[in-house]
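Below is one structure, written out as structure tokens, with a few remarks after it.
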Amino acid sequence: MDASAGIEAQNLARRYGRRWALADVSFNLAGGAVLMLAGPNGSGKSTLLRTIATAVRPDGGSARVGGFDVVTEREDVRKLVALLSHASYLYDSLTARENLSIVADHLGRPRTNVAGLLDRVGLGRRADDVVATFSAGMRKRLSFARVLLQEPRVALLDEPYGQLDPEGFDLVDDVVRELKADGTTVIFATHQLERAASSADEALLLEAGRVAWRGKASEVAV
Amino acid sequence: MRVDNNRFPRLPWIILGLGILFLAIGSYIGLFVAPPEALMGQVQRIMYVHVPTAWNALLAMTFAFVCAVIFLFKSDWKWDARMEAAIEVGVVLAFLLCCQGAIWAKPTWGVWWDWDPRLTTTAVLLFAFLGILALRKFVDDPARRAIWSAVATIIAYVDVPIVYYSVRWWNSLHQLQSSPSTVSRQFWLPLRMNAFGILFLMTAFIMLRARVASMRLEQELVPPPVGESV
Amino acid sequence: MLTAALRKELLLQWRSRAQFMAVFVFGAAALLLFSFAVGPVAELLRQFSAGFLWLGLLLSSTLTLAESFHAEMENRAMEGLLLLPANPRALYYGKAIANWLQLTLLGIALIPVMVVLYDAGTTRIPMLILVIALGAAGLSAPGTLYAAMTAQVRSKQTLLPLLLFPLIVPALLASVKATSLIILGDPMNQVRSWIVLLASFDAIYWSLCGLLFEKVVEE
């Protein structure tokens, strides 16, 4: 296990306007472990993932990823983390291949992996179609490819099963398994509790921006 | 959470009183005691208010700029409250300045606006800072509102000297000798009194307005509700 | 990093080239409408041609600038890039350069419209193109920054011009003066001074806005 990519959160809090999406969240996750994040809508799962990914700044508390602070060492955290967000992060007017190539360019990596990744997520045949023509499920697959392209040490997946067909569900499980085998730390937020419990090691339940329960995935009774 | 320590709650009112006093005395002297200016006559008396207003408008904007810079470095909310106050007061002063300029220009040149570089720069400044106030109104999140308006204030303030020089250049090509003459040395007393008068008024207003802004921020930045965490 | 950003920008612009055509038509229409303000008086039209050109370009720029962030915001693509991590400064300059190119091309495309409508021809074409390029740069730098800001709020269409127009007054003045001198004649060779003013404005704002961009796009 690569201990350097663990996550520590202490009293994380984040507000949107007057509402506190995260009120007080603390947890530790060892490097290489897989955590499933559950909770009702509006419980703060997305905000928690975004805070750890440094997409938003916490309004209280602190967090460290791989030892780097998410506020003061943001750049270092970003090099370790890849986020699969609700937003697809895609350019609708560009093709799938172009979207991934742009990511490769910004990472300073060669574009050679792009074709392989597109096949991996099942978009090989639609590689040169414009994203505007994609269904929601296909965009999700492309966003997945985007995450894999980054070769992260920490993968944060916000509702990875969302909008996918049964084949897509299998793809997600395969990918999570692969990431785990590589020693990548994974947190995924989901409502698919039973499915998630089979891939995850640990579980955390959020309610109204606070941790309601923390334990092993095997203990999650559906 | 307190945004600003209200250490001297009475202070702004004292300063306000002083300001009214100075302005009243200075204006009285300027309007009734000082003799009319040789070339321009009675209209020139407006300079006793116009010049101090100009100094103070620039001062208010400079203070807003300083608050913006400090806020971006220190992220202390009280500087956002002060900046908001300084911008509002500055906008009022700039508007008054434009009105005074127009009041002076009509009898002197026959037109309401004379494209004097200083006045034109003030007009541009007025619009720029009105834009920033509009920006603040349209952004709900306090953190974003503060950061964006601080950025916009810095950009607008840096522009001020550039606008001034470009308008002056632009004007000079048309040789409009329109800058109002300054007051003769002997009659600096009313000018100085009014300058301090308006300075005190401005300071008092900024302090009071900053207090209002602080209170609003305190309302917006409520801490998380009490609850239990595992 | 900057080349990556620039490549992306140019690709995005190429894909939306129909939009460029639409903005050009808007600009040309504006020039036509301005002439109605004066009436069919050839001498007056010629005298004001520089002003009209730049006003037309300014109005068109609000469309171009706002559009340049549309693709970034609809799926939060810009946030996606920043999280890679991508250098915010590189992203800013990529976008600002792309906007500058588009505005310069727009300005050049409007020259023949100006020549025809206002009888405002000139032989000093390279000089004119230089002025257009510098003026476009003056619009693009703060414009890109403010477009990034306003793309994230409601009432974005009103806020962008409201914030941008007072700011670019020096660039507008200098561009109009310089263009006017080129078209109407410049006996005392004053164009140089106006170009220097423009270049200084550009230098200041290209550096300042690049520094401030990060604050504007991070949450």
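In the text below, chain A, chain B and the rest are named by the order of the sequence lines, each starting its count at 1.
Across C:C209, C:P170, C:S200, C:A171, the residue that shares the most heavy-atom pairs under 4.5 angstrom with chain B is C:P170. Contact count versus chain B (heavy atoms, under 4.5 Å) is highest, among C:L164, C:V176, C:L197, for C:L197. For chain B, the option among C:K156, C:E218, C:K215 with the highest count of heavy-atom pairs below 4.5 Å is C:K215. Of the listed residues (B:V163, B:V160, B:I154), the greatest number of heavy-atom pairs within a distance under 4.5 Å of chain C belongs to B:V163.
Here the side chains of C:W194 and B:W170 are in contact, with some heavy-atom distance below 4.5 Å. Looking at heavy atoms from C-beta onward, B:W148 lies in side-chain contact with C:V153 at the 4.5 angstrom threshold. In this structure, the side chains of B:V151 and C:L145 come closer than 4.5 Å at one or more pairs of heavy atoms. Looking at heavy atoms from C-beta onward, C:Y146 lies in side-chain contact with B:I155 at the 4.5 angstrom threshold. Under the 4.5 Å side-chain criterion, counting only non-hydrogen atoms from C-beta, B:T120 is not in contact with C:V169.
Atom CZ of C:R124 sits in a crowded spot, with more than 12 heavy atoms from other residues, nucleotides or ligands closer than 6.0 Å. Counting heavy atoms of neighbouring residues, nucleotides and ligands inside a 6.0 Å radius, atom CZ of B:F63 exceeds 12 of them. For B:F196, the CZ atom sits in a loose shell: 12 or fewer heavy atoms of surrounding residues, nucleotides or ligands are nearer than 6.0 Å. The number of heavy atoms from other shown groups lying within 6.0 Å of CZ (B:F95) does not exceed 12. Heavy atoms from other residues, nucleotides or ligands lying under 6.0 Å from CZ of B:F127 number 12 at most. Counting heavy-atom neighbours within 6.0 Å of B:K106 NZ, excluding the residue itself, gives a total above 12. Environment of OH in B:Y165: sparse, with no more than 12 heavy atoms of neighbouring residues, nucleotides or ligands closer than 6.0 Å.
Judged as a side chain to side chain donor-acceptor pair (under 3.5 Å), and not counting sequence neighbours, the contacts of B:Y157 are B:T62. Partners of C:F48 by ring pair (Phe, Tyr, Trp, His ring centres under 6.0 Å), not counting sequence neighbours: none found.
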C:L162/B:L130 under side-chain contact (heavy atoms from CB on, under 4.5 Å): CA gap, chis, key distance, verdict: CA-CA 9 Å; C:L162 185 56; B:L130 274 174; 5.9 Å; no

Step-by-step side-chain contact (heavy atoms from CB on, under 4.5 Å) determination, C:L173 to B:V167: CA-CA 8 Å; C:L173 277 181; B:V167 176; 3.8 Å; yes

Intermediate values then yes/no, side-chain contact (heavy atoms from CB on, under 4.5 Å), C:Y205 and B:V158: CA-CA 9 Å; C:Y205 277 97; B:V158 166; 4.1 Å; yes

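To the nearest 0.5 Å, atom CG of residue B:D159 and atom CD1 of residue C:I168 are 9.0 Å apart.
The parts of C:L167 that come within reach of chain B are both its backbone and its side chain, each placing non-hydrogen atoms under 4.5 angstrom from that chain. Contact annotation for B:L135: both backbone and side-chain heavy atoms come within less than 4.5 Å of a heavy atom of chain C. When heavy atoms are compared at a cutoff of 4.5 Å, B:L125 does not approach chain C at all.
The shortest heavy-atom contact between B:R144 and C:Q152 is NH2-OE1, 2.6 Å.
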